[in-house]
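Everything on this sheet refers to the single structure shown next.
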Protein chains: 2
Amino acid sequence: MGTVSKALSLLGYFDQTRTAVGLSDFARLSGLNKATAYRMLSELQEQGFVEQTGAGRAYRLGPEVLRLAALRELSVPMLTVAREVLHRLSEATGETAHASVIRGRQLNQLAHSYSARHATRVMMDDAEVLPFHATASGLAVLAFSPADWSEAALGGALARFTPQTVTDPVRLRSLLRGVRASGISESVSGLEADVHAHAAPVFGAGEVPVGAIAVAAPVSRMTPAQKRIIESELRQAARDLTLRTGGFWPADYPASTPEKELTQ
Amino acid sequence: MGTVSKALSLLGYFDQTRTAVGLSDFARLSGLNKATAYRMLSELQEQGFVEQTGAGRAYRLGPEVLRLAALRELSVPMLTVAREVLHRLSEATGETAHASVIRGRQLNQLAHSYSARHATRVMMDDAEVLPFHATASGLAVLAFSPADWSEAALGGALARFTPQTVTDPVRLRSLLRGVRASGISESVSGLEADVHAHAAPVFGAGEVPVGAIAVAAPVSRMTPAQKRIIESELRQAARDLTLRTGGFWPADYPASTPEKELTQ
DNA sequence: AACCAATGGTTCGAATAATGAACCGTATCC
DNA sequence: GGATACGGTTCATTATTCGAACCATTGGTT
């Protein structure tokens, strides 16, 4: 791994539970020497990618990332378009809709939209990391990713979040086959209890998934009729988001859900 | 300059007029060898900071910057808070309000808010670079920055955007003294003809400016009464934004505009 | 108040990784 | 069909990064 990659990978240790990280923590987390980590952080700081809080202590992300994100939005208006698509999706289904994007080996929450139809709804946070095996979004991405890539994602130890989380790789591979056949993934209480989620992949420039779009509802509201509406709307929304962000919608993408029930 | 800084500085060549840049362009712009630029771009690509469009051509910013920006917002909710403050500011003044942040040696537009009160209004774009000497925001930042820093910003050749642009360093230094005394900067048609802008600095963790907040109006609407309202609202908004983003408001910041007129 | 364990930051010889001139293969344009 | 520009690749040379050990401070414990 080159020096630049090592330095940039330090930024990967920031997440929503860890918005500031100290020098020693960086060294421990990355396995790099403290001096090495320090030199890299200094360069990142010079360029505005990180900054130190108050009296020279822990590092947090710097203002430069805001500028870059604004420019990314200018060339690929993913966030803007996603917000629009999600708004329509949550209105049409009456449930919480959300979109996520792949970043390296992780799937990150990008944006979400609530519906005002019901008093109870599934709540979301942006910038969260979604586990591939335990979310509908993750399964949607894996199902349409190159085999070696999705196998790698299933390779490590798979965390159990609820009693319903599927952690058996054999069973997960079977689920993915079902998703490839129907075009829509599902996860019932895989990450959070009492949540039934559906998702479809969003494709990028090379017919390869760049993320997913999903609808999350309380299990109690998931009737067969509601399921049909969600799947149909989701399919449309995923295609819409793909095309409007410069992606290619695969010609062989399954057009409608086959008869067979594919619940997890 | 270290390897990491060189690689990151490549990202600096993206701007709103140049959202995609080719390998040879990077080499030319940066002065780096083509092979060097290529290797750095490959590493940036691996980490998701850039990606290649379609059939392997020019580079554009990648999805990773979106994740980082979301996390930056989580630790320093500048954008969220700025949007709120700007909304109130544009409502209170009836004019376009906008906020900018310092990034390295540049001042970048961050967010803006229009008022619906008038049919004519000053239009804005985000992610734009604001010249220090020709904007009220730039002057507000320079006036309260360390002397060596603001002198450096006035050092290079100062572009003339309109016949009214002030480019004489001596005259600019005198303007900055006025801003320090009043706390509010002004620029009449300095960047765009027919625009009268007021601005105040936003401070960060070390009582040092991190950006500015401004109100831009057509010159025809700038009556003495309107000027008083804008200055008062601006002062309040700048203080609000500073405190709500973890900054320190200087105890010696001038509390109200002195009698003397300080028009450019 | 002496001690200990962590912290952020610094040094310098050894080892590794970055460098750049030259070179491909391809596409585009007179 | 020749010239030019493009993205990408190679490999010997060399400059840069690496890391063990070392400071100076801080905060907690006895």
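Owing to the predicted nature of the structure, the values given are computational and were not obtained by experimental measurement. The chains referred to below are lettered A, B, ... by the order of the sequence lines, with proteins before strands, and numbering in each begins at 1. Quick note: numbers below take in every heavy atom, side chains included, and nothing from hydrogens, waters or symmetry partners.
Atom CG in B/Leu10 sits roughly 13 Å away from atom P in D/dG7 (whole-Å rounding). Whole-Å rounding puts the B/Leu44 CG to D/dG8 P distance at 14 Å.
Among B/Glu128, B/Gln109, B/His112, the one residue that satisfies the side chain to side chain donor-acceptor pair (under 3.5 Å) test with B/His98 is B/Gln109.
In summary, A/Glu51 and B/Arg72 engage in a salt bridge, as defined by a charged side-chain N under 4.0 Å from a carboxylate O. With respect to the salt-bridge test (charged N to carboxylate O, under 4.0 angstrom), the residues B/Asp15 and B/Arg18 do not qualify.
Taking side-chain N and O atoms only, A/Tyr38 has no distance below 4.0 Å to OP1 or OP2 of C/dG8. Considering only side-chain N and O atoms, A/Gln52 lies under 4.0 angstrom from the phosphate OP1 or OP2 of C/dG9.
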Extract from the structure each pairing of a protein N or O with an N or O of nucleotides 5-7 of chain C at less than 3.5 Å, listing the distance.
residue	atom	partner	partner atom	Å
C/dT7	OP1	A/Arg28	NH2	2.9

Provide a list of protein-nucleic acid N or O atom pairs under 3.5 angstrom, restricted to nucleotides 17-20 of chain D.
residue	atom	partner	partner atom	Å
D/dT17	OP1	B/Thr3	N	2.8
D/dT17	OP1	B/Thr3	OG1	3.0
D/dC18	OP1	A/Lys6	NZ	3.4
D/dG19	N7	A/Arg39	NH2	3.3
D/dA20	N7	A/Asn33	ND2	3.4

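Residue-level contact check: A/Phe26 touches neither bases nor backbone, having no heavy atom under 4.0 Å from any strand.
Checked against the 6.0 Å centroid criterion, the rings of A/Trp149 and A/Phe132 qualify as a close aromatic pair. Aromatic ring centres of B/Tyr59 and B/Phe49 lie farther apart than the 6.0 Å criterion allows.
With no hydrogens or angles considered, no side-chain donor-acceptor pair links A/Thr19 and A/Arg60 at under 3.5 Å. Between the side chains of B/Glu73 and B/Thr80, at least one donor N or O sits under 3.5 Å from an acceptor N or O. Side-chain N/O atoms of B/Gln52 and B/Gln45 include a donor and acceptor closer than 3.5 Å.
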